[in-house]
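One structure is given below, encoded as structure tokens.
Computed from a prediction, not measured in an experiment: that's the story for all the values here.
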Amino acid sequence: MNNKMNKKFYFLLLALFTSFSLSAQFDVRPVTEKKAATNPLDDVALTYIFDKSALPEIRLDITEDQWNELLLAYDQDSNTNYYIKGDFTFTKNSVVTSIPEVGIRLRGNTSRRRPEGATGELHNPENPDWHHASFTINFTKYNDDTTFMDEEKLILKWAKDDSTYVRETYSYDLFKQYELYVTPFTSYTRLTINIIGDPKPAYYGVYELIEQVDDIFLSKRTEVFGDAKGYLWKNNYGGTLADPDTLNMGVDTDDQEFIYDLQTHKKQISAARAQLSQFITDFNTKEGTEFQTWLESTLDVELLLKTYAVNVMVGNWDDYWVNKNNYYIYFNKDDGKFFFIPWDLDNSMGTSSILEDSGRQDVLNWGNAEHPLIQKIISFPEYQTIYLNALYELADPDKDLFYYEKSIARIKTWQDLIRDYVDNDTNEDTKLGDAPAWWGNQPEYRLLTTPNNYFQVKVESLPARP
């Protein structure tokens with residue numbers, strides 16, 4: 001029996017088991033082929049994996065030799081993307097999905113850590129010193145035909161400096177609540193790492209589970225992006241969208257990192273560079289009516305401004321406008337339309353830095369004027385009105401969006417789900433709290449209580465309606 005037959009037979013059995021073992025609320029049918037829905041809410045894989053009403057468990061079974069390879073790779077280069085092999089198991093509502101030989105690597109910038117022990121130490125099975133770290137799970141790394149319900153990668157992220165365990169989850173979720181499907185879906189999971197042969201597995205606690213931005217992400221959102229066949233770029237730190245120099249654009253390797261890193265169709269780098277460079281040139285050189293005509297033919301202005309309104313409301317300063325950081329851009333194939341995809345939203349919701357106060361910062365001057373994408377657009381009154389109206393809509397007490405009572409209710413639901421599972425074998429981040437990161441410049445902000453409630457402060461900072 002070939003791999004495709006094996007996969008279809010496996011999912012048939014899983015579907016039959018699911019129909020008997022799940023209640024009607026979770027009657028989800030696993031997909032057998034990559035036939036993505038055009039709207040992510042209609043995609044059975046996404047709604048099954050990224051389900052905030054459940055708390056599934058992910059278990060990684062890894063040999064001691066492979067684990068030691070990961071530790072030593074980190075010692076050689078703390079930014080390593082070195083993959084090791086392990087077996088993946090996902091358990092949700094008694095339904096177990098197991099995938100052997102997946103790729104596992106460390107990820108993150110400031111959140112990237114050695115997951116056990118100190119530099120030079122190998123695994124200690126008798127007295128391990130576990131540390132929270134973030135991981136990428138790559139299902140196709142060692143077998144091109146293997147996916148998890150058609151997802152090729154998943155991201156496991158620990159709640160670095162966030163005692164609430166909700167800041168990034170809330171921020172991504174607000175895009176979804178506002179029906180802007182330009183960012184990844186997220187949910188929670190419990191992570192267990194079993195080093196084979198150890199006396200017991202290590203429970204790493206509650207993690208954020210994040211959808212990878214890639215061609216599959218695009219293919220599940222063709223109602224938004226039009227198609228999934230164009231050029232997707234990931235911005236590394238420094239992407240102002242002001243300098244059209246193609247030397248800043250390329251495909252990252254172990255030895256070289258570009259400001260703009262091409263993620264799709266990498267063999268077509270010359271054409272992709274030319275397109276991105278021309279976009280940056282046109283955006284920065286065209287003025288007045290010519291600029292507006294070009295802009296409206298090149299991107300969906302309302303979508304972009306609504307997207308950035310959410311970003312500003314959640315106070316994400318480690319972004320394009322403030323810190324020239326953390327975003328993807330996509331040019332679709334059919335008509336070359338430009339799309340902006342926010343990414344890495346953990347520095348938000350009252351964790352304030354770089355800006356004097358992310359809760360009270362002027363929303364019309366959120367970031368650096370040398371990062372022109374938003375500031376130039378909203379210098380036109382009609383576009384500024386779209387942006388401000390989106391902010392007012394998000395703050396509307398009658399909508400289940402940013403208004404503090406509605407937001408607190410969602411947060412409490414998530415915290416009630418994870419509360420009993422936060423304590424973990426790393427002895428880090430073991431209790432829920434309500435304070436921003438210790439290193440921020442506004443330590444008084446709270447999400448669940450008053451005074452200094454971030455939601456209320458942010459709404460009060462908006463300009464008065466005309």
Quiz item: Hey, which of Lys160, Lys157, Arg167 is the one that makes salt bridge (charged side-chain N to carboxylate O under 4.0 Å, His left out) with Asp346?
Solution: Lys157

Would you say the side-chain atoms of [X] and [Y] include a donor-acceptor pair closer than 3.5 Å?
X      : Y      : result
Glu370 : Thr240 : no
Asp344 : Asn109 : no
Tyr445 : Asp357 : yes
Trp414 : Asp173 : no
Asp215 : Tyr330 : no
Thr38  : Glu223 : yes

Ring centres under 6.0 angstrom apart ([X], [Y]):
X      : Y      : result
Phe380 : Phe291 : yes
Phe455 : Tyr170 : yes
Phe340 : Tyr327 : yes

Once salt bridge (Lys or Arg N to Asp or Glu O under 4.0 Å) is applied, do any residues pair with [X], and if so which ones, sequence neighbours excluded?
X      : answer
Asp65  : none
Glu116 : none
Lys306 : Glu302

Quiz item: To the nearest 0.5 Å, what is the distance between OG1 (Thr289) and NZ (Lys286)?
Solution: 12.5 Å

Quiz item: So how far is it from Ser187 OG to Tyr207 OH, rounded to the nearest 0.5 Å?
Solution: 15.0 Å

Quiz item: Stepwise, does the side chain to side chain donor-acceptor pair (under 3.5 Å) test hold for Asn326 with Asp318?
Solution: CA-CA 7 Å; Asn326 291 325; Asp318 193 13; 3.1 Å; yes

Practice problem: Please work out whether the ring planes of Phe402 and Tyr454 are parallel, tilted or perpendicular, with thresholds of 30° and 60°. | Solution: perpendicular

Quiz item: What is the ring orientation for Phe331 with Phe279, classed by angle as parallel under 30°, tilted 30 to 60°, or perpendicular over 60°?
Solution: perpendicular

Self-check item: Any donor-acceptor pair under 3.5 Å from Glu69 side chain to Ile84 backbone
Solution: no

Quiz item: Counting N and O atoms only, with roles assigned by atom type, does the side chain of Tyr165 sit under 3.5 Å from a partner on the main chain of Asp429, one being a donor and the other an acceptor?
Solution: yes

Quiz prompt | For the student: nearest non-hydrogen atoms of Thr89 and Val96, plus distance | solution = CG2-CG1, 3.6 Å

Exercise. Please report the closest heavy-atom contact between Glu151 and Glu211, naming both atoms and the distance.
Key: OE1-CG, 4.0 Å

Quiz item: Tyr328 and side chain to side chain contact (heavy atoms under 4.5 Å, CB included): which partner among Asp214, Asn235, Ile341?
Solution: Ile341

Quiz item: side chain to side chain contact (heavy atoms under 4.5 Å, CB included) with Phe283: which of Leu241, Leu295, Thr298?
Solution: Leu295

